[in-house]
Amino acid sequence: MAGLLDFFFNYEANEAITIPTNYPYLIIMRILLSVIKCWPTKTTENLEAGAKLKAKVWEMIQNVLHLAFCVLTIAGTATYVMIHKKTMSFFELGHLYITLMISCVVFSRLVTLCFKEEYQVVANEFLTKIHLFYYKENSEFSMQTHKQIHRISHLFTLYITGQMLGGLSLFNLTPMYNNYSAGKYRKGGLKNSTFEHSLYYSYPFNVSTDVRGYIFSNILHWFFSYIVSTWFCTLDLFLSVIVFHVWGHFKILLHDIDNFPKPSNTVSFRLEKTNVTISNENYSKDELEQLSEKLKKCIDYHREIISFTHKLSKVFGPMLFAYYGFHQASGCLLLLECSQMTPEALVRYLPLTLTLFQQLIQLSIVFELVGTVSSKLNDAVYGLPWEDMDIKNRKTVAFFLLNVQEPIHVKACGLADVGVTSMTKILKTSMSFFTFLRSM
């Protein structure tokens with residue numbers, strides 16, 4: 001029991017760990033992401049031909065199963081809407097449209113991530129190269145940053161995982177409680193009524209009034225809810241943790257630039273017939289050589305961070321674009337569902353609304369961290385003591401300054417920066433659509 005509590009609630013980095021994937025928060029993510037086949041797999045380059053073929057076949061089977069799951073959920077919901085839309089209220093249809101859009105987002109993530117080799121490459125690069133575990137010994141500040149990001153990642157993982165499990169439980173338990181309170185679980189309790197479900201699909205058998213059909217579909221809905229929640233929350237969590245580490249890298253780079261060594265040689269002279277003393281600092285020849293090497297390391301470090309950030313944009317850009325589109329459409333519908341102000345609607349939709357809005361806000365703020373810290377590099381590089389350097393190092397600083405002019409942002413399909421500005425526009429538009437629909 002003590003070991004389990006230590007696993008979950010000891011958020012300090014264990015110095016005995018030799019690879020970052022053994023950290024508790026990454027173990028939790030590995031368990032969750034393995035279910036949806038999004039945990040990066042080991043390379044098959046060193047395997048024999050038979051083992052390679054077996055791994056390829058198993059990967060293909062998993063892809064087909066996940067694709068079939070997405071297609072069936074989308075087709076099942078769409079068919080149910082087409083059959084029953086004339087007998088359903090606008091608010092009931094809103095619930096179905098929200099679940100349909102969520103299924104479409106899952107499909108977009110499956111196609112843009114699981115089916116792409118680039119995702120595996122970026123995820124593996126993070127776990128084997130970019131993780132701050134591999135930089136912690138570079139300096140004392142690097143170790144401090146590593147420990148800080150480790151604590152943030154661990155607590156953030158526990159928070160998102162708990163939120164995911166709580167949200168899907170509330171989403172599925174609410175209709176079960178409504179059925180129980182209405183007496184539908186009692187013998188003869190279904191007279192002139194039907195079972196309420198968390199999800200609605202067009203089944204080839206009766207799930208509305210048949211108890212066995214209801215039990216089977218209810219179990220299936222719990223499983224579907226878990227899979228979809230994992231697609232939503234855990235992938236966002238994994239991406240957020242990656243961005244935390246990119247933010248940590250920029251902090252280390254900024255610290256290295258701010259703490260650049262000053263010249264040790266000072267030449268002073270006094271003007272004749274005055275009390276004015278003029279001092280001039282200059283680097284020695286050895287210092288200039290060390291300075292050149294340090295500048296080169298900073299430029300290479302910056303180039304490494306930028307390269308990885310561009311890979312993030314390329315791989316996760318389509319996913320983020322679909323994600324922003326989903327929030328744009330679902331935000332007003334969720335607000336509309338909550339506007340019924342009935343206890344059932346608030347219990348069922350308010351947590352879902354708060355969770356989705358909170359996910360949008362938190363993901364945007366996490367990405368904004370990178371843009372904010374990278375925007376400080378311009379002033380930091382200009383603040384280097386370039387006036388005391390020789391011509392060669394001045395040219396290097398000028399080249400470095402040219403490369404840090406623009407803040408770094410991850411872009412959604414290369415169209416919009418993922419950050420607070422885009423988030424604000426989405427929230428404003430959702431509120432406008434909600435006000436318009438309420439007035440109809």
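Just the heavy atoms: all of them, side chains too, but no hydrogens, waters or symmetry mates, feed the values below. Residues: numbered from 1 along the sequence shown.
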Kindly say whether Leu127 contributes a backbone atom to a donor-acceptor pair with the side chain of Tyr134 at under 3.5 angstrom?
yes
Between Thr77 and Ile74, is there a donor-acceptor pair closer than 3.5 Å when you use the side chain of the first and the backbone of the second?
no
For the rings on Phe133 and His150, is their centre-to-centre separation under 6.0 Å?
no
OG1 (Thr145) and NE2 (His245) are apart, to the nearest 0.5 Å, by 11.5 Å
Run the numbers on Tyr324 and Leu360 for side-chain contact (heavy atoms from CB on, under 4.5 Å), then give the verdict.
CA-CA 8 Å; Tyr324 270 0; Leu360 171 65; 3.5 Å; yes
Could you tell me whether the side chains of Asn178 and Glu196 share a donor-acceptor contact shorter than 3.5 Å?
yes
Any Trp247 side-chain heavy atom under 4.5 Å of Ile152 side chain:
yes
Distance in Å, Thr194 OG1 paired with Asn179 CG, rounded so as to fall on 0.5 Å steps
8.5 Å
Asp258 with Lys251: basic N within carboxylate O range, under 4.0 Å:
no
Might you point out which heavy atoms bring Met319 and Leu113 nearest each other, and give the distance in Å?
SD-CD1, 3.7 Å
Within the 4.5 Å heavy-atom criterion, are Leu100 and Val81 side-chain neighbours or not?
no
Within a 6.0 Å radius of atom NZ on Lys314, are there more than 12 heavy atoms belonging to other residues, nucleotides or ligands?
no
Centroid separation under 6.0 Å, is that true for the rings of Phe326 and Phe232?
yes
Below 6.0 angstrom between ring centroids: does that apply to Phe316 and Phe238?
no
Please name all residues satisfying salt bridge (charged side-chain N to carboxylate O under 4.0 Å, His left out) with Glu368, sequence neighbours left out, ordered by chain then number.
none
Output yes when a side-chain donor or acceptor of His221 lies under 3.5 Å from a complementary backbone atom of Ser217, and no otherwise.
yes
Determine, stepwise, if the pair Phe156 / Tyr25 fulfils ring pair (Phe, Tyr, Trp, His ring centres under 6.0 Å).
CA-CA 9 Å; Phe156 195 69; Tyr25 70 90; over 10 Å; no
Verify, without hydrogens or angle tests, whether His249 (side chain) and Ile130 (backbone) share a donor-acceptor contact under 3.5 angstrom.
yes
So, Thr157 and Tyr23: side-chain donor and acceptor under 3.5 Å apart, yes or no?
no
For the residue pair Thr174 and Ser198, establish whether any side-chain heavy-atom pair is separated by less than 4.5 Å.
no
Got a donor-acceptor contact below 3.5 angstrom from the Ser374 side chain to the Ile408 backbone?
yes
When rounded to the nearest 0.5 angstrom, what distance separates CG in Leu320 from CG in Leu312?
9.5 Å
Assess the pair Phe216 and Tyr203: is the distance between their ring centroids shorter than 6.0 Å?
no
May I ask you to check whether over 12 heavy atoms, not counting those of Tyr382, lie within 6.0 Å of atom OH?
no
Are Leu132 and Ile252 side-chain neighbours, meaning at least one heavy-atom pair lies under 4.5 Å?
yes
Find the distance between CG (Leu220) and OG (Ser225) and round it off to the nearest 0.5 Å.
9.5 Å
Start with the C-alpha gap between Tyr301 and Ile306, add the side-chain angles, then the distance that decides, and say whether side-chain contact (heavy atoms from CB on, under 4.5 Å) holds.
CA-CA 9 Å; Tyr301 192 21; Ile306 298 301; over 6 Å; no
By the salt bridge (Lys or Arg N to Asp or Glu O under 4.0 Å) test, which pairs, at least two apart or in different chains, include something from residues 116-130?
Glu125-Lys311
Validation row: Phe260, Leu291 side chains within 4.5 angstrom (heavy atoms):
yes
Using the benzene-type ring in the case of Trp, are the ring centres of Phe195 and Tyr214 under 6.0 Å apart?
yes
Inspect the contact between Arg303 and Asp300 and indicate whether a charged nitrogen and a carboxylate oxygen are less than 4.0 angstrom apart.
yes
So do the side chains of Met164 and Leu32 get within less than 4.5 Å of each other, counting heavy atoms only?
yes
Is it the case that the ring center of Tyr200 lies less than 6.0 angstrom away from the ring center of His197?
yes
Over all heavy atoms of both residues, which pair between Ser142 and Ser139 is shortest? Give the atoms and the distance, please.
OG-OG, 2.8 Å
Any donor-acceptor N/O pair, Thr161 side chain to Leu158 backbone, under 3.5 Å:
no
Distance-only side-chain donor-acceptor flag, Asn206 / Thr209, under 3.5 Å:
yes
Pair Thr421, Thr424: side-chain N/O donor-acceptor within cut-off below 3.5 Å
no
Is it the case that Lys425 and Gln328 place a side-chain donor and acceptor less than 3.5 Å from each other?
no
Could you please spell out the steps behind the side-chain contact (heavy atoms from CB on, under 4.5 Å) verdict for Val241 and Phe126?
CA-CA 10 Å; Val241 168; Phe126 165 68; 4.1 Å; yes
Shortest non-hydrogen contact from Tyr119 to Cys38?
OH-O, 2.5 Å
Please identify each residue that fulfils salt bridge (charged side-chain N to carboxylate O under 4.0 Å, His left out) with Lys294, with sequence neighbours left out.
none
Is there side-chain contact between Ile219 and Phe223, with heavy atoms separated by less than 4.5 Å?
no
More than 12 heavy atoms of other residues, nucleotides or ligands under 6.0 Å from CD of Gln405: yes or no?
yes
List the atom of Ala322, the atom of Val105, and the distance in Å for their closest heavy-atom pair.
O-CG2, 4.4 Å
Quick one: are Phe308 and Ile242 in side-chain contact, heavy atoms under 4.5 Å?
yes
Expected output: side-chain Ser422 to main-chain Val418 donor-acceptor under 3.5 Å
no
Please check if the distance between the ring centroids of Tyr135 and His146 is under 6.0 Å.
no
Least distance between heavy atoms, Leu363 atom then Ser240 atom
CD1-OG, 3.4 Å
Roughly how far, to the nearest 0.5 Å, is CE of Met143 from CG of Asn138?
10.0 Å
Centres of the Phe357 and His327 rings: under 6.0 Å?
no
State, to 0.1 Å, how close Ile257 and Leu384 come at their nearest heavy-atom pair, and which atoms those are.
O-CD2, 3.6 Å
Distance under 6.0 Å and angle within 45° of the ring axis: does Arg109 meet both against Tyr323?
yes
Worked check of side-chain contact (heavy atoms from CB on, under 4.5 Å) between Leu65 and Lys37
CA-CA 10 Å; Leu65 288 175; Lys37 199 188 154 292; over 6 Å; no
Can you tell me if Ser375 uses its side chain to pair, donor with acceptor, with the backbone of Thr372 under 3.5 Å?
yes
CZ-OG distance between Phe224 and Ser103, expressed to the nearest 0.5 angstrom:
9.0 Å
